2 protein chains.
Amino acid sequence: MTDPDSPAPRSAGARRGRPPSNALSRERILDAALAVLEREGPDALTLRRLGADLGSNHTAVLRYFSGKDDILLGLAERLIAEAVDGFEPGPTWRATLTGLARRVRRACLAHPALAVLVASRVSRRDAEFRGADLVIGALLEAGFGARESARYYRSLVDVTLAMSSFEAASAMLDGPEREGDRMAWQREYLMASPQRFPQLASVAPHLAQADEDDQFEFVMGLLLDAVEARSGRPV
Amino acid sequence: MTDPDSPAPRSAGARRGRPPSNALSRERILDAALAVLEREGPDALTLRRLGADLGSNHTAVLRYFSGKDDILLGLAERLIAEAVDGFEPGPTWRATLTGLARRVRRACLAHPALAVLVASRVSRRDAEFRGADLVIGALLEAGFGARESARYYRSLVDVTLAMSSFEAASAMLDGPEREGDRMAWQREYLMASPQRFPQLASVAPHLAQADEDDQFEFVMGLLLDAVEARSGRPV
DNA sequence: ACCTGAACACCGTTCAAGT
DNA sequence: ACCTGAACACCGTTCAAGT
């Protein structure tokens with residue numbers, strides 16, 4: 001059942017004067033939802049707010065989506081599509097895997113409020129299948145069998161999605177413009193009792209140094225090192 | 001519900017004895033909150049529900065916590081404490097790291113509704129410091145310097161927490177009834193078009209086979225393999 | 001000192017009625 | 001065919017008033 005949604009556009013002849021700017025559609029609703037999320041965060045996304053932004057009654061949206069949750073699912077598909085659309089495999093299987101992981105993370109950080117809401121429930125739809133096909137293709141190319149490829153696929157996807165949404169959640173918590181809280185985080189670790197936590201204390205000054213970009217690259221590097229070591233086909 | 005075991009009805013002197021059973025306290029409120037979360041999931045945790053369960057007005061709770069968010073933070077500390085309390089380092093540094101990761105995951109899966117709510121905002125408090133001290137101690141023992149230990153610490157903690165909460169989120173989504181949706185997940189992947197997604201199709205039957213326990217162990221194994229390879233001190 | 005009850009400003013969803 | 005408006009059953013938080 002693909003695409004029973006978009007209501008019939010009005011006939012060309014009826015187009016006199018201004019088109020009704022408030023004609024609803026699934027796409028227009030998703031656009032508005034994304035705009036609210038990006039500007040004001042997850043809590044601002046309510047049906048009433050959406051109706052106001054769209055110039056409609058807040059219940060009109062329910063003609064296009066079965067409920068708020070359905071809107072979230074539609075946004076989830078957009079998020080994963082943003083990561084996968086236009087991606088081309090790299091020169092090596094490892095480059096392909098690294099590149100796709102970076103794109104997923106980038107999409108999550110570009111829409112952190114959305115990532116927080118939907119990352120653990122990516123809808124199994126077209127964009128996700130395309131991503132899966134690319135990842136599994138790279139793993140088969142690396143020399144893994146079907147069973148192993150399935151395993152590594154799940155590991156890489158789980159870690160990438162989990163870390164990306166985790167990071168998005170921190171970004172949201174710190175507030176859109178608050179750099180201050182990250183300093184607080186570091187300060188608390190630096191203030192932990194050296195008597196009670198000697199190992200922690202000896203390392204604390206380094207804890208806040210690595211930035212998030214480096215951190216993600218580092219973890220993916222670790223993971224792919226292990227995958228490569230097991231593949232028997234170093235790139 | 002009547003309470004036949006309740007203390008003697010209030011008399012003139014009762015006030016000087018033990019407090020009435022419905023006396024509020026932070027601990028009693030956290031107990032009640034945890035009970036609601038475990039029985040009925042994240043959405044059931046409301047101040048009104050908490051008040052009802054505690055036999056109090058729903059606003060009385062606000063005398064002990066500054067708001068609902070403050071209750072969540074209190075629960076977060078309990079979650080991490082459950083993972084860390086009583087843990088002893090293993091015979092090797094790798095065993096220590098594996099053991100602690102398993103405990104964090106187990107605590108998250110024991111309280112999935114809680115893990116979903118708080119995993120990305122673990123409060124930097126006592127239990128977390130104890131965990132950090134253990135992990136960093138193991139990494140120093142593995143031969144890493146302070147800077148490297150800080151890096152690996154963050155990687156291991158991020159992946160463990162992110163994957164555990166991610167998994168908890170899936171467990172919650174599948175609903176307490178379970179099982180049904182995991183089959184649906186598998187079915188959708190099996191039904192993906194083999195023409196459009198040939199690599200995916202060739203591997204799909206294996207995708208749903210690995211259970212979640214194996215999956216977590218597998219990822220931690222990959223990560224620790226890479227850490228061990230870089231340590232220059234195989235266990 | 002601790003708790004209650006009412007009030008306030010919100011939610012998502014349903015549904016009869018309008019156009 | 002599409003949308004509105006009222007209604008329903010909820011939220012978290014504040015605060016004057018009770019005991």
Side-chain angles (χ1 to χ4, degrees), chain A residues 4-15 17-30 32-33 36-37 40-75 113 117-118 121, chain B residues 3 6-7 9-30 32-33 36-37 40-75 113 117-118 121 173:
Chain A
D5 31 86
S6 25
R10 59 178 44 217
S11 66
R15 208 165 79 90
R18 53 168 191 145
S21 65
N22 61 344
L24 291 183
S25 70
R26 285 178 67 97
E27 290 313 306
R28 228 166 74 74
I29 290 167
L30 291 180
V36 173
L37 282 177
E40 303 177 42
D43 292 344
L45 182 59
T46 71
L47 295 189
R48 283 169 161 87
R49 171 60 187 277
L50 224 37
D53 285 2
L54 289 162
S56 306
N57 184 276
H58 64 104
T59 64
V61 163
L62 298 178
R63 232 149 244 294
Y64 297 85
F65 292 92
S66 71
K68 186 177 179 178
D69 205 62
D70 196 23
I71 298 175
L72 257 23
L73 251 22
L75 291 173
L117 287 175
V118 305
R121 46 184 322 193
Chain B
D3 192 353
S6 62
R10 79 179 55 180
S11 58
R15 164 174 306 181
R16 302 191 55 216
R18 55 147 71 103
S21 68
N22 64 343
L24 291 182
S25 69
R26 286 179 66 96
E27 290 313 305
R28 226 165 74 75
I29 290 167
L30 291 180
V36 172
L37 283 177
E40 301 177 42
D43 292 345
L45 182 58
T46 71
L47 295 188
R48 282 169 161 86
R49 171 59 188 277
L50 224 37
D53 285 3
L54 289 163
S56 305
N57 184 277
H58 63 104
T59 64
V61 163
L62 297 178
R63 232 148 245 293
Y64 296 85
F65 293 92
S66 71
K68 186 177 178 178
D69 205 64
D70 196 22
I71 298 176
L72 257 24
L73 251 22
L75 291 173
L117 287 174
V118 305
R121 48 186 321 191
L173 275 185

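Each chain gets a letter, A, B and so on, in the order the sequences are listed, and its residues count up from 1. What you see is a predicted model, and the numbers here were worked out from it, not measured in a lab. Hydrogens, waters and symmetry mates are skipped; everything else that's a heavy atom, side chains included, is used.
The side chain to side chain donor-acceptor pair (under 3.5 Å) check on Asn57(A) picks up Thr59(A), with sequence neighbours excluded. Under the side-chain contact (heavy atoms from CB on, under 4.5 Å) criterion, Ala113(B) pairs with Leu37(B), Pro42(B), Met172(B), sequence neighbours left out. Annotation: side-chain contact (heavy atoms from CB on, under 4.5 Å) contacts of Leu62(B) (sequence neighbours excluded): Leu47(B). For Asp70(A), there are no salt bridge (Lys or Arg N to Asp or Glu O under 4.0 Å) partners, not counting sequence neighbours. Residues forming a side-chain contact (heavy atoms from CB on, under 4.5 Å) with Arg48(B) (at least two apart in sequence, or on another chain): Thr46(B), His58(B). Partners of Asp69(B) by salt bridge (Lys or Arg N to Asp or Glu O under 4.0 Å), not counting sequence neighbours, listed by chain and number: Arg121(B).
Atom CG of Asp69(B) is separated from atom P of dT13(D) by 8 Å (rounded to the nearest Å). Ile29(A) has its CD1 atom 14 Å from the P atom of dG12(C), to the nearest Å. One atom, CG of Leu54(A), and another, P of dC2(D), lie 16 Å apart when rounded to the nearest Å. Computed from coordinates, the Leu50(A) CG to dT13(C) C1' distance equals 15 Å when rounded to whole Å. When rounded to the nearest whole Å, the span between CG of Leu62(A) and C1' of dC11(C) equals 13 Å. If you measure from atom CZ of Arg26(B) to atom P of dC2(C), you get 14 Å, rounded to the nearest angstrom. Protein atom CG of Leu72(B) is 11 Å distant from nucleotide atom P of dT13(D), rounded to whole Å. In this structure, Ile71(B) places its CD1 atom 9 Å from P of dG12(D), rounding to the nearest Å.
Sorted by first and then second residue, the pairs that involve residues 51-63 of chain B and meet salt bridge (charged side-chain N to carboxylate O under 4.0 Å, His left out), not counting sequence neighbours, are Arg49(B)-Asp53(B).
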Stepwise side-chain contact (heavy atoms from CB on, under 4.5 Å) check, Val118(B) with Leu73(B): CA-CA 7 Å; Val118(B) 305; Leu73(B) 251 22; over 6 Å; no
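Between Tyr64(B) and Arg26(B), the shortest heavy-atom contact is O-NH1, 2.9 Å. Listed here is the closest heavy atom pair of Ala44(A) and Val36(A): O-CG1, 3.5 Å.
Helical stems involving DNA chain D, defined as 3 or more consecutive Watson-Crick or G-U pairs under 3.5 Å, span C:4-8 with D:12-16, C:12-16 with D:4-8.
Backbone-only contact: Leu45(B) has heavy atoms under 4.0 Å from sugar-phosphate atoms and none from a base. Backbone-only contact: Tyr64(B) has heavy atoms under 4.0 Å from sugar-phosphate atoms and none from a base.
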Collect all protein-nucleotide pairs involving nucleotides 16-19 of chain C in which both atoms are nitrogen or oxygen and the distance is under 3.5 Å.
none

Give every pair of a protein N or O atom and an N or O atom of nucleotides 5-10 of chain D that lie under 3.5 Å apart, one pair per line with the distance.
| residue | atom | partner | partner atom | Å |
| --- | --- | --- | --- | --- |
| dG5(D) | N7 | Asn57(A) | ND2 | 3.2 |
| dG5(D) | O6 | Thr59(A) | OG1 | 3.1 |

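Taking the side chain as every heavy atom from C-beta outward, Val61(A) and Leu54(A) approach each other to under 4.5 Å.
Nearest to the side-chain atoms of Ala60(A) among the listed nucleotides dT4(D), dC3(C), dT13(D) stands dT4(D).
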